Trainee: 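Before I ask anything, let me first share the structure, which is written out below as structure tokens.
By convention in this document, chain letters (A, B, ...) are assigned in the order of the sequence lines, proteins followed by strands, and residues within each chain are numbered from 1. Since the model is a prediction, treat every value here as computed from it, not as a measurement.
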2 protein chains.
Amino acid sequence: MSRTDTSRRGSRQSRAGIRDVAAAAGVSITTVSDALNGKGRLPDATRRHVREVADRLGYRPSAAARTLRTGKSGLIGLTVTTYGDEPFTFTEFAYFAEMARAATSAALARGYALVILPATSRHDVWQNVALDGTVVIDPSDHDPVVTELVRQGLPVVSDGRPAGTLPVTAWVDNDHEAAVLGLLDHLAAAGARRIGLLTGNTTDTYTRLSTTAYLSWCERVGQDPVYETYPAHDPCAGAVAADRLLARPDRPDAVYGLFDPNGTDLLAAARRYGLRVPDDLLLVCCSESTVYAATEPPITTLSLKPRRIGTAVVQLLIDAIEGIDENRPVEQVIPTELIVRTSSQRRRSPRTKVSPPRSPAQD
Amino acid sequence: MSRTDTSRRGSRQSRAGIRDVAAAAGVSITTVSDALNGKGRLPDATRRHVREVADRLGYRPSAAARTLRTGKSGLIGLTVTTYGDEPFTFTEFAYFAEMARAATSAALARGYALVILPATSRHDVWQNVALDGTVVIDPSDHDPVVTELVRQGLPVVSDGRPAGTLPVTAWVDNDHEAAVLGLLDHLAAAGARRIGLLTGNTTDTYTRLSTTAYLSWCERVGQDPVYETYPAHDPCAGAVAADRLLARPDRPDAVYGLFDPNGTDLLAAARRYGLRVPDDLLLVCCSESTVYAATEPPITTLSLKPRRIGTAVVQLLIDAIEGIDENRPVEQVIPTELIVRTSSQRRRSPRTKVSPPRSPAQD
DNA sequence: CATCCATGCAGAAACGTACCTGTCAACGAG
DNA sequence: CTCGTTGACAGGTACGTTTCTGCATGGATG
């Protein structure tokens with residue numbers, strides 16, 4: 001009952017350690033550890049007793065000590081590419097938020113926590129945190145961070161297939177080519193004769209694959225490509241590029257925008273030129289934002305299913321960390337979803353007085 | 001040059017530790033530690049030599065051991081409230097993303113990393129990570145997590161002033177009352193006779209303060225309050241509530257929406273009822289999203305300046321962790337910004353053929 | 001009765017670092 | 001010549017766990 005002051009130090013009030021619990025419960029340190037971690041062979045009575053004493057003392061095991069001993073920290077890095085000195089970019093907000101949210105949930109469910117670590121972090125920060133593995137979003141060609149991590153023997157799972165010979169443990173990605181081809185077919189089926197593209201001038205895999213898919217589709221159907229590129233990480237450049245695209249002499253009658261804000265950008269540009277959507281111009285953009293369900297008209301979007309990706313990435317990583325089933329698939333393709341709304345349907349749907357509220361964008 | 005195998009274990013190839021470096025450099029462990037950490041009094045020659053050997057061996061100090069020894073982990077928790085089992089909610093995407101982004105940058109600049117930890121996390125996850133302190137976003141009245149953390153002696157800084165007697169170390173917040181009052185005055189100045197409110201039915205501080213500010217403004221100017229409430233964490237309820245508000249017999253001629261998606265919700269509802277914005281209906285909503293610059297018409301938004309908040313929160317927390325200037329302000333109020341666009345200006349601006357692209361939403 | 005195994009627990013060795021406490025040489029002052 | 005001083009390092013302990021090994025005890029088995 002009374003505080004047995006068998007502590008080795010005169011210092012008062014430092015947090016209770018495992019040996020304080022052992023002393024108070026009248027057992028050995030081993031027994032406390034086993035009782036609390038459900039290991040060893042102890043009678044239930046002892047186990048309960050130890051647990052109760054630990055509770056009473058407010059005992060909290062030291063994460064640092066445990067990590068040092070076991071070599072596992074329960075921490076997963078979430079690495080985001082940076083433009084300038086800011087972590088993750090303007091154009092990827094909704095995608096990143098959804099993906100990170102799902103990843104956090106998935107990690108948590110398996111007892112892990114996520115640490116946000118921009119790729120450009122100072123080296124000393126990287127080294128001051130004990131990671132069990134890392135998720136890398138859209139790694140660049142020869143990402144020094146990934147190389148370094150792999151060299152340290154840490155598993156690395158990337159969102160987006162690695163470019164070149166980047167030695168990731170596993171990756172998850174969409175089939176961007178199939179997505180773009182399907183989407184272009186959808187537009188063509190809706191009556192588009194000349195489909196334009198609004199794309200980025202960066203070299204990341206997503207942009208590259210999507211653009212080449214567009215070009216090959218054009219070649220297949222015998223259409224001249226009509227596209228404008230812009231630096232996607234610049235928040236104002238998109239509107240300018242959208243304007244350029246619709247100002248061209250060979251103005252397209254349908255446009256696919258590769259980045260999230262392109263939908264509103266294109267819609268605004270269309271209005272400036274007096275183009276009605278979808279009558280004069282069909283519109284699709286890649287976005288996870290639900291605002292496109294409530295625009296006038298609602299805009300068809302391509303969803304990359306960031307929640308599925310976030311979940312899959314974390315599962316793969318934790319499997320690798322825990323050495324579960326070594327010969328599990330190291331790459332996983334998540335299907336995209338085309339959410340068809342008014343902007344890509346040639347025939348305008350009859351105007352309803354009160355349309356039903358938009359449905360939640362679960363999963 | 002040759003691998004001096006003085007390692008105490010027969011085991012091969014385990015990561016180089018500090019004593020491997022010491023052996024290879026022909027000095028003691030102390031010297032290595034001092035040389036690498038810039039402490040002690042060593043001649044520059046020794047320091048350089050040790051550093052070089054450490055580099056050659058690919059030595060990476062163990063974060064866990066360092067944490068155990070020093071008691072500092074360099075990790076800051078970022079706690080988000082949850083609705084259901086998902087971290088952070090639909091309505092706060094843009095705000096949260098901006099805030100987290102700024103917080104990450106600020107922490108990084110001072111050598112800390114952020115760990116995402118939903119408030120409802122399993123207890124064992126909380127305990128498995130060694131935190132130096134925690135940022136809590138919008139803590140509820142008697143948040144058990146905050147209480148627990150404070151009891152452990154960890155500094156806690158909250159985004160949003162703590163309700164009741166929550167014992168946070170410091171907090172950062174906007175002056176929500178002033179913001180709402182100013183915004184309502186702005187609408188009144190633009191000619192609004194009856195201003196409605198679209199608000200939440202939750203009890204968090206933001207919603208409560210904003211709503212009471214609205215009510216007291218109404219009382220002051222002698223207007224009957226016209227408002228609808230809905231569960232803000234439900235992604236479809238907003239559209240329904242917006243519709244309800246505009247369907248009322250005492251239909252307002254101006255509306256302020258408290259949550260991010262309310263702008264598009266209200267705009268869509270207005271269209272259904274044939275109301276022109278801003279001619280028949282003035283519109284303002286609280287949002288960090290840039291889509292409202294490109295809607296038709298562009299919508300006036302109230303920005304809570306999440307980036308400033310994120311930065312301030314982290315600075316305050318790290319100051320507390322490092323014990324800098326104990327008597328520093330423990331509360332900080334960040335001014336809001338009303339970004340005035342067409343939707344809240346009575347007179348429609350002349351239609352331009354090509355409007356300039358929207359400006360970036362820096363800071 | 002001797003042997004064997006399962007049970008219930010204790011002792012002690014790591015884990016890798018930081019830092020406190022020496023030790024030893026050189027050196028200038030008295 | 002002696003003595004404090006200072007520079008340059010080495011030794012050793014503590015941080016708080018987990019876990020391997022080992023030691024009793026007691027009942028079942030031959």
Side-chain angles (χ1 to χ4, degrees), chain A residues 6-11 14-50 53-54 57-74 124 127-130 132 152, chain B residues 6-11 14-50 53-54 57-74 124 127-130 132 152:
Chain A
T6 54
S7 136
R8 67 288 171 203
R9 307 189 310 178
S11 105
S14 91
R15 262 180 51 196
I18 195 173
R19 76 190 120 221
D20 301 318
V21 177
V27 296
S28 78
I29 292 181
T30 308
T31 305
V32 175
S33 178
D34 283 349
L36 262 34
N37 296 338
K39 305 198 169 176
R41 345 162 256 207
L42 303 178
D44 279 358
T46 309
R47 228 175 264 276
R48 265 198 309 275
H49 177 228
V50 169
V53 171
L57 295 189
Y59 167 67
R60 300 274 171 270
S62 148
R66 173 175 306 190
T67 300
L68 178 58
R69 182 63 237 250
T70 62
K72 299 276 160 231
S73 65
D124 56 323
Q127 301 188 1
N128 267 342
V129 36
D132 288 347
Q152 281 183 38
Chain B
T6 54
S7 135
R8 68 286 170 206
R9 307 188 311 176
S11 105
S14 90
R15 261 179 53 196
I18 196 174
R19 76 190 120 221
D20 301 318
V21 177
V27 296
S28 78
I29 292 182
T30 306
T31 305
V32 175
S33 178
D34 283 349
L36 262 34
N37 296 340
K39 305 199 170 173
R41 353 163 246 203
L42 303 178
D44 278 358
T46 309
R47 229 175 264 276
R48 266 198 309 275
H49 177 227
V50 169
V53 170
L57 295 189
Y59 168 68
R60 300 274 170 272
S62 149
R66 186 193 302 256
T67 299
L68 178 58
R69 184 64 236 256
T70 62
K72 298 275 160 236
S73 67
D124 56 324
Q127 301 189 0
N128 267 343
V129 36
D132 289 346
Q152 282 183 37

Trainee: Short question: side chain of B:Asn37, backbone of B:Asp34 - any donor-acceptor pair under 3.5 Å?
Mentor: no

Trainee: Calculate the interatomic distance between B:Arg19 atom CZ and C:dA14 atom C1'; express it in whole Å.
Mentor: 9 Å

Trainee: Need one value for A:Arg47: base, sugar-phosphate or nothing, where a base atom within 4.0 Å counts as base even if backbone is also close, heavy atoms only.
Mentor: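 No contact.
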
Trainee: For B:Ile29, which contact category applies under a 4.0 Å heavy-atom criterion: base, sugar-phosphate, or nothing?
Mentor: nothing

Trainee: Within the 4.5 Å heavy-atom criterion, are A:Leu36 and A:Pro61 side-chain neighbours or not?
Mentor: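 A:Leu36 vs A:Pro61: side chains apart.
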
Trainee: Looking only at side-chain atoms of A:Leu42, point me to the closest of C:dG16, C:dG8, D:dC15.
Mentor: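 Taking heavy atoms from C-beta onward, the closest nucleotide is C:dG8.
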
Trainee: Side chains of A:Thr31 and A:Ser28: do they bring a donor and an acceptor to under 3.5 Å?
Mentor: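 Short answer, yes.
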
Trainee: In whole angstroms, how far is the P atom of C:dT17 from the CZ atom of B:Arg60?
Mentor: 12 Å

Trainee: Scan A:Asn37 against the nucleic acid and name what it touches under 4.0 Å (heavy atoms): base, sugar-phosphate only, or nothing.
Mentor: sugar-phosphate

Trainee: For D:dT19, take OP1 and OP2 only and decide whether either is under 4.0 Å from a side-chain N or O of A:Lys39.
Mentor: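 True: A:Lys39 side-chain N/O within range (under 4.0 Å) of D:dT19 OP1/OP2.
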
Trainee: Tell me whether the side-chain N/O atoms of B:Thr67 come closer than 4.0 Å to OP1 or OP2 in D:dC15.
Mentor: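 Negative; the distance criterion is not met.
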
Trainee: Measure CG/B:Asp20 against P/C:dC15 and give the value in whole Å, please.
Mentor: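 It works out to 11 Å between those atoms.
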
Trainee: Roughly how many Å is it from CG in A:Leu68 to P in D:dG16, rounded to a whole number?
Mentor: 12 Å

Trainee: Please determine, for the side chain of B:Thr70, which listed nucleotide (C:dA18, C:dC15, C:dG8) has the closest atom?
Mentor: C:dA18

Trainee: What is the distance from CG of B:Asn128 to C1' of D:dT17, rounded to the nearest Å?
Mentor: 12 Å

Trainee: CG of A:Leu36 versus P of D:dT19: gap in Å, rounded?
Mentor: 13 Å

Trainee: DNA chain D: A:Ala65 or B:Pro43, which has the more 5' nearest nucleotide?
Mentor: B:Pro43

Trainee: Of the nucleotides C:dA12, C:dG16, D:dG7, which one has an atom closest to the side chain of A:Thr30?
Mentor: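 Comparing C:dA12, C:dG16, D:dG7 against the side chain of A:Thr30, the answer is C:dA12.
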
Trainee: A:Gln127 CD to C:dG16 C1': how many Å, rounded?
Mentor: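 After rounding, the reported distance stands at 15 Å.
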
Trainee: With respect to the side chain of B:Ser28, which nucleotide from D:dA10, C:dT17, D:dC15 is positioned closest?
Mentor: D:dA10

Trainee: C:dG8 P sits how many Å from A:Asp34 CG, rounded?
Mentor: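 Those two atoms, CG and P, are 12 Å apart.
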
Trainee: Taking the side chain from B:Thr70 and the backbone from B:Arg66, do they hold a donor-acceptor pair closer than 3.5 Å?
Mentor: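 Yes.
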
Trainee: With a 4.5 Å cut-off on side-chain heavy atoms, are A:Ile18 and A:Tyr59 touching?
Mentor: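 Result yes, sub-4.5 Å side-chain heavy-atom pair found.
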
Trainee: Name the closest nucleotide to the B:Ile18 side chain, picking from C:dA10, D:dT19, C:dA18.
Mentor: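 In terms of side-chain proximity for B:Ile18, the closest of C:dA10, D:dT19, C:dA18 is C:dA18.
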
Trainee: Looking at C:dC9, C:dT17, D:dT17, which one has an atom nearest to any side-chain atom of B:Pro61?
Mentor: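 Of the candidates, C:dT17 comes closest.
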
Trainee: Return no unless some side-chain N or O of A:Thr31 is found under 4.0 Å from OP1 or OP2 of C:dA10.
Mentor: yes

Trainee: Rounded to the nearest 0.5 Å, how far does CZ of A:Arg15 lie from CD of B:Gln152?
Mentor: 5.5 Å

Trainee: Between C:dC9, D:dT17, C:dG16, spot the one nearest the side chain of A:Arg41, thanks.
Mentor: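 Per side-chain heavy atoms of A:Arg41, the pick is C:dC9.
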
